[in-house]
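What follows is a single structure, written as structure tokens, with notes after it.
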Amino acid sequence: MDLNLRHVRAFVSVAHLRSFTRAASLLNLSQPALTVQIRRLEEALAVRLLDRNSRSVAPTRVGRELLPVFQRVLRELDSVVVDTRDLAARRHGTVRIAALPSVAAGLLPDAIASFRAAHPRMSFVVKDVIAERVLALVRREEVDLGVTGGEVRDPDLTVLARAADTLHVVYPEGHPIGAVATVTLEALAEHPLVLMDAETSVRAVVDAAFVAAGRLPVTACEATYMMTAVGMVRAGLGLTILPGSAREIRAEPDLRSRPISEASFSRPVCLIAKAGRTLPAAAEDFLGELVPALEAEFATGA
């Protein structure tokens, strides 16, 4: 059976208006052409759908049963057509993005709000995950865009923009680290540290800096999430090292932070996508909001 949607629409119009004349006018058809379309639909279904005479037309019992089904099909099809046109016109879509927790809680909400003010029918799926997960999600095309920490050398990924985030030491008010002229690696090495998880981009920067200096940190605790590390500092377990952009630093009024003066304590921040993949229109448009937001939040990388 091969149903033609024009024939279905013709039947629905006649059944709803109870008139071939008015249905033909609505569909911009001649009455003979409309009659042919109804007859072909009935032949395809092998049933009579309309009872008609010279004065009236009405659906048969089968026609009455099929009418709501056909109406629903046409509504859903019309909705698909409208949505597709909206997508093509970039009025509608979904942006999927994976980002470091500090970025997801920091610059990203404002960037999304600004973008949606101009594109209210756009929606977002945000996955706030550590650096390695950002890379994996972009590589598997589970998200369109990623904001990750550290240098990206994977040939399956392309870097769309680069920036740099200076790391800060976070400490309780009154701690001796707050009195030194500049915060150096040597000063940090004198105190217990709450380090981030080994798979985080912050930890990679810290480890590389200590290795390059031939020193080992005094590790008191490790944490995966920055808020956990901040809580451990508040409890007096040690100092922690976090990105200067981290909102968690400002969550505790009794804690202070200072930038670490050495260049090795700078975390690269990269906006990435899957290499060779054409971005969805919504994600492509969002880049116009996201890239300036990254540039405003961080120092731009070379």
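On a predicted model such as this, the values are computed, not experimentally measured, just so you know.
- Salt-bridge check for Glu199 with Arg133: failed, with every basic side-chain N at 4.0 Å or more from each acidic carboxylate O.
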Contacts under 3.5 angstrom, residues 238-250 side chains, donor-acceptor by atom type, not counting sequence neighbours:
residue	atom	partner	partner atom	Å
Thr240	OG1	Val194	O	2.7
Ser245	OG	Asp165	OD2	2.7
Arg247	NH1	Ser245	O	3.3
Arg247	NH1	Glu297	OE2	3.2

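- Identified under the ring-ring contact (aromatic ring centres under 6.0 Å, His included) test for residues 155-198, with sequence neighbours left out: His175-His191.
- Remark: Glu222 CD to Leu195 CG distance equals 6.0 Å, nearest 0.5 Å.
- Contact detail for Pro217 and Leu193: the closest heavy-atom pair is CB-CD1, 3.9 Å.
- Sorted by first then second residue, the ring-ring contact (aromatic ring centres under 6.0 Å, His included) pairs that include residues 254-297, not counting sequence neighbours, are Phe115-Phe286, Phe124-Phe286.
- Closest of all the heavy-atom pairs between Thr166 and Ile260 is CG2-O, 4.2 Å.
- The pair Arg139-Asp154 meets the salt-bridge criterion, with a side-chain N (NZ, NE, NH1 or NH2) lying under 4.0 Å from an Asp/Glu carboxylate O.
- Under 3.5 Å, the side chains of Ser261 and Thr184 contain no donor-acceptor pair of N or O atoms.
- Under a hydrophobic-cluster definition in which Ile, Leu, Val, Met, Phe, Trp and Tyr are linked whenever side-chain heavy atoms come within less than 4.5 Å, directly or via other members, Leu145 and Phe298 are assigned to the same cluster.
- Rounded to the nearest 0.5 Å, atoms OG1 (Thr224) and CE (Met226) are 11.5 Å apart.
- The backbone N or O of Thr21 lies less than 3.5 Å from a partner atom in the side chain of Ser19, making a donor-acceptor pair.
- The minimum heavy-atom distance between Ile177 and Arg258, with the atom names listed, is O-NH1, 3.1 Å.
- Leu255 is listed as a side-chain neighbour of Pro172, based on a closest heavy-atom distance under 4.5 Å.
- Ser102 and Arg267 are linked by a side-chain donor-acceptor pair at a separation below 3.5 angstrom, with hydrogens and angles left out of the test.
- Neither Val103 nor Val129 shares a network with the other; the hydrophobic side chains, linked directly or stepwise wherever heavy atoms of I, L, V, M, F, W or Y lie under 4.5 Å apart, form separate groups for each.
- Under the 3.5 Å distance criterion, the side-chain polar atoms of Arg116 are matched with a main-chain donor or acceptor of Met122.
- The two residues Leu185 and Ala209 make their nearest non-hydrogen contact at CD1-O, 3.4 Å.
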Review point. Step by step, would you call Glu142 with Lys127 a salt bridge (charged side-chain N to carboxylate O under 4.0 Å, His left out)?
Key: CA-CA 10 Å; Glu142 293 181 31; Lys127 296 182 181 293; 5.7 Å; no
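- Annotation for Arg22: atom CZ counts as buried by contact number, over 12 foreign heavy atoms lying within 6.0 Å.
- Remark: Phe210 CZ is packed, more than 12 non-hydrogen atoms of other residues, nucleotides or ligands lying under 6.0 Å away.
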Check your understanding: Stepwise, does the side-chain contact (heavy atoms from CB on, under 4.5 Å) test hold for Leu188 with Val183?
Key -> CA-CA 7 Å; Leu188 293 172; Val183 180; 4.0 Å; yes
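- When the side chain to side chain contact (heavy atoms under 4.5 Å, CB included) test is applied to Arg48, the partners found at least two apart in sequence or on another chain are Glu42, Asp51, Arg52, Thr60.
- Here the side chains of Val291 and Leu160 are not in contact, with every heavy-atom distance at 4.5 Å or above.
- Between the side chain of Thr200 and the backbone N or O of Asp197, at least one donor-acceptor pair lies under 3.5 Å.
- Annotation: side chain to side chain contact (heavy atoms under 4.5 Å, CB included) contacts of Leu67 (sequence neighbours excluded): Phe11, Val12, Ala15, Gln71.
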Review point. Are Glu186 and Arg215 close enough, and set up right, to give a salt bridge (charged side-chain N to carboxylate O under 4.0 Å, His left out), and what steps lead you there?
Key: CA-CA 8 Å; Glu186 290 299 325; Arg215 298 295 302 270; 2.3 Å; yes
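- Note: Arg64 CZ to Leu50 CG = 11.0 Å, rounded to the nearest 0.5 Å.
- Between Leu290 and Ile97 the shortest side-chain heavy-atom distance falls below 4.5 Å.
- Residue Gly150 comes nearest to Cys270 through the heavy atom pair O-SG, 3.6 Å, listed as atom of the first residue, atom of the second, then distance.
- Linking ILVMFWY side-chain heavy atoms closer than 4.5 Å, directly or via other members, places Val14 and Leu45 in a single hydrophobic cluster.
- Taking both residues in full, the closest heavy atoms of Ala24 and Gln31 are given as CB-CG, 4.0 Å, listed atom of the first, atom of the second, then distance.
- By the side chain to side chain contact (heavy atoms under 4.5 Å, CB included) test, Ala105 pairs with no residue at all, sequence neighbours left out.
- Salt-bridge formation is detected for the pair Arg277/Asp144: a Lys NZ or Arg NE/NH1/NH2 atom is positioned less than 4.0 Å from an Asp or Glu carboxylate oxygen.
- Side-chain contact between Leu167 and Val206: present, with at least one pair of heavy atoms (C-beta onward) separated by less than 4.5 Å.
- Summarising the geometry, atom OG belonging to Ser30 is positioned 12.0 Å from atom CZ belonging to Phe20; distances are rounded to the nearest 0.5 Å.
- In summary, Arg153 and Glu151 do not engage in a salt bridge, as defined by a charged side-chain N under 4.0 Å from a carboxylate O.
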